[in-house]
Amino acid sequence: MPGTTYELLYWPAWLVWADVARLVLAFGKADFKQVFITFEDFPAIKQEQRFGKIPRLTVRSPDGNVRYIWESRSINEYLAATFGFLPREEFARADIMSYVHSLNEISDAMGNISLFADLDARRAHWYKLRDSTIPEALAYHERALATKTTDGPFYTGRNVTLPDIVLYAQVQRMRSMFPDADQRFLGLTNPRLAALIKAGDGGKSGATVREWIDSPNPRFVSLRFDMQSMNWVVG
């Protein structure tokens with residue numbers, strides 16, 4: 001709706017759960033701002049959050065109505081539908097969302113490495129991700145892209161939809177977690193996925209990511225994967 005504004009409350013970091021929502025808002029040319037919260041300040045607002053967690057999306061309508069949405073994937077789907085990155089027809093939307101849910105499983109597997117307290121267990125999980133979990137999952141997506149009947153690099157052809165944005169955000173994490181991610185997971189192995197990511201790097205996705213990474217705001221940091229500890233760290 002014209003005149004609607006959005007606020008995304010989350011940690012001041014990139015390569016985290018709010019990345020897709022940020023990209024959708026940027027793609028949709030939304031009137032939005034990011035509201036950053038620190039770990040020190042969070043306890044004071046924790047009980048205000050529906051499940052004691054963030055991100056939280058605030059939606060302010062022109063008539064003054066204020067609504068909130070929690071949980072990153074609910075936020076992603078709402079914003080994607082709002083800004084035209086999901087089909088309106090129910091079956092078509094469910095079909096597109098199947099790609100998103102599959103990609104989310106990869107994201108969960110990459111994030112779950114932090115659940116292992118033992119270094120050897122984290123290393124074993126990393127190798128499993130690299131050698132089987134990620135390449136096997138991406139092979140199915142490559143096969144799906146090979147069957148589409150429309151031109152263009154994206155899941156539905158020429159138009160960007162939510163799975164394109166989700167995949168692009170995930171590849172940024174893969175690039176941090178696996179130094180040879182582009183060659184190993186894309187490249188000649190999955191040329192259609194590689195073309196999709198290349199289009200993202202050269203388009204608004206890449207420009208937006210570079211803008212955030214190079215942000216002069218000293219509070220905005222990027223998570224990165226540390227190969228020594230085999231874990232995600234800040235900075």
Side-chain angles (χ1 to χ4, degrees), residues 4-61 64-80 82-83 103-104 106-119 122 125-126 165-166 168-177 204-235:
T4 301
T5 62
Y6 304 85
E7 287 183 1
L8 189 63
L9 175 70
Y10 201 55
W11 318 114
W14 173 243
L15 296 185
V16 287
W17 292 117
D19 295 348
V20 172
R22 289 166 173 161
L23 286 170
V24 173
L25 286 164
F27 260 70
K29 299 180 180 179
D31 182 357
F32 83 100
K33 69 176 181 179
Q34 301 192 63
V35 179
F36 294 140
I37 188 74
T38 65
F39 289 109
E40 292 77 18
D41 295 336
F42 181 66
I45 67 166
K46 179 180 174 71
Q47 295 307 315
E48 300 172 12
Q49 313 312 313
R50 177 172 292 171
F51 307 111
K53 299 177 181 179
I54 52 176
R56 181 190 72 196
L57 180 72
T58 302
V59 182
R60 289 187 170 86
S61 302
N65 185 36
V66 179
R67 295 173 295 170
Y68 302 99
I69 302 175
W70 285 270
E71 292 296 317
S72 58
R73 290 167 185 171
S74 292
I75 292 171
N76 297 344
E77 187 169 355
Y78 167 78
L79 290 174
T82 298
F83 291 101
L103 291 169
N104 285 339
I106 303 175
S107 182
D108 290 342
M110 288 193 292
N112 285 346
I113 197 167
S114 298
L115 300 179
F116 296 96
D118 180 75
L119 176 60
R122 290 196 299 274
H125 186 70
W126 185 89
I165 300 173
V166 172
Y168 191 79
Q170 286 191 1
V171 167
Q172 309 316 305
R173 298 189 188 104
M174 291 179 194
R175 286 168 170 169
S176 179
M177 198 171 193
K204 190 171 182 62
S205 291
T208 302
V209 168
R210 288 188 293 273
E211 178 183 347
W212 287 334
I213 291 175
D214 298 334
S215 171
N217 186 340
R219 296 183 63 197
F220 199 84
V221 299
S222 177
L223 262 65
R224 64 177 178 85
F225 191 79
D226 178 65
M227 295 298 293
Q228 284 193 316
S229 64
M230 282 286 165
N231 212 342
W232 294 98
V233 297
V234 175

Holding to side chain to side chain contact (heavy atoms under 4.5 Å, CB included), I want the full list of residues that pass it with [X], two or more places apart in sequence or in another chain.
X	answer
I45	L9, I37, F42, E48, Q49
A109	L129, T133
A169	D19, V20, L23
Y68	R56, T58, V66, W70

Inset, instruction - Measure the CG-NE2 distance between N231 and H125 for me, rounded to the nearest 0.5 Å. - result: 10.5 Å
Inset, instruction - With rounding to the nearest 0.5 Å, note down the distance linking CG in L57 to OG in S74. - result: 11.0 Å
Please check this pair: side chain of [X] against backbone of [Y], looking for a donor-acceptor N/O pair closer than 3.5 Å.
X	Y	result
R224	R173	no
Q170	L103	yes
N112	L115	no

Legend entry - 4.5 Å side-chain heavy-atom contact, M227 and W126: yes
Inset, instruction - Check whether any side-chain heavy atom of L79 sits under 4.5 Å from a side-chain heavy atom of L25, and report yes or no. - result: yes
Specify the closest pair of heavy atoms between [X] and [Y], including all atoms of both residues, with the distance to one decimal.
X	Y	value
W232	M177	CZ2-SD, 3.8 Å
P55	I75	O-CD1, 3.8 Å
N76	A21	OD1-N, 3.3 Å
V24	A80	CG1-N, 3.9 Å
M174	I106	CE-CG2, 3.9 Å
S176	L223	OG-O, 4.5 Å

Inset, instruction - Determine whether the side chains of D41 and T38 contain a donor N or O and an acceptor N or O closer than 3.5 Å. - result: yes
Inset, instruction - Give the C-alpha distance, both sets of side-chain angles, the deciding distance and a yes or no for side chain to side chain contact (heavy atoms under 4.5 Å, CB included) between T4 and V59. - result: CA-CA 7 Å; T4 301; V59 182; 3.6 Å; yes
Inset, instruction - Identify, with sequence neighbours excluded, every residue that meets side chain to side chain donor-acceptor pair (under 3.5 Å) alongside Q172. - result: R175
Legend entry - S114 vs R122, side chain to side chain contact (heavy atoms under 4.5 Å, CB included): CA-CA, chis, key distance, verdict: CA-CA 7 Å; S114 298; R122 290 196 299 274; over 6 Å; no
Inset, instruction - Taking the six-membered ring for Trp and the full ring for Phe, Tyr or His, determine whether the centres of F83 and Y78 are under 6.0 Å apart. - result: no
Inset, instruction - Step through it carefully: locate the ring centre of W17, locate the ring centre of Y10, and say whether they are under 6.0 Å apart. - result: no
Legend entry - Residue pairs involving residues 27-37 (criterion salt bridge (Lys or Arg N to Asp or Glu O under 4.0 Å); sequence neighbours excluded): E7-K33
Inset, instruction - Test side chain to side chain contact (heavy atoms under 4.5 Å, CB included) on R60 and Y6 and set out the steps. - result: CA-CA 6 Å; R60 289 187 170 86; Y6 304 85; over 6 Å; no
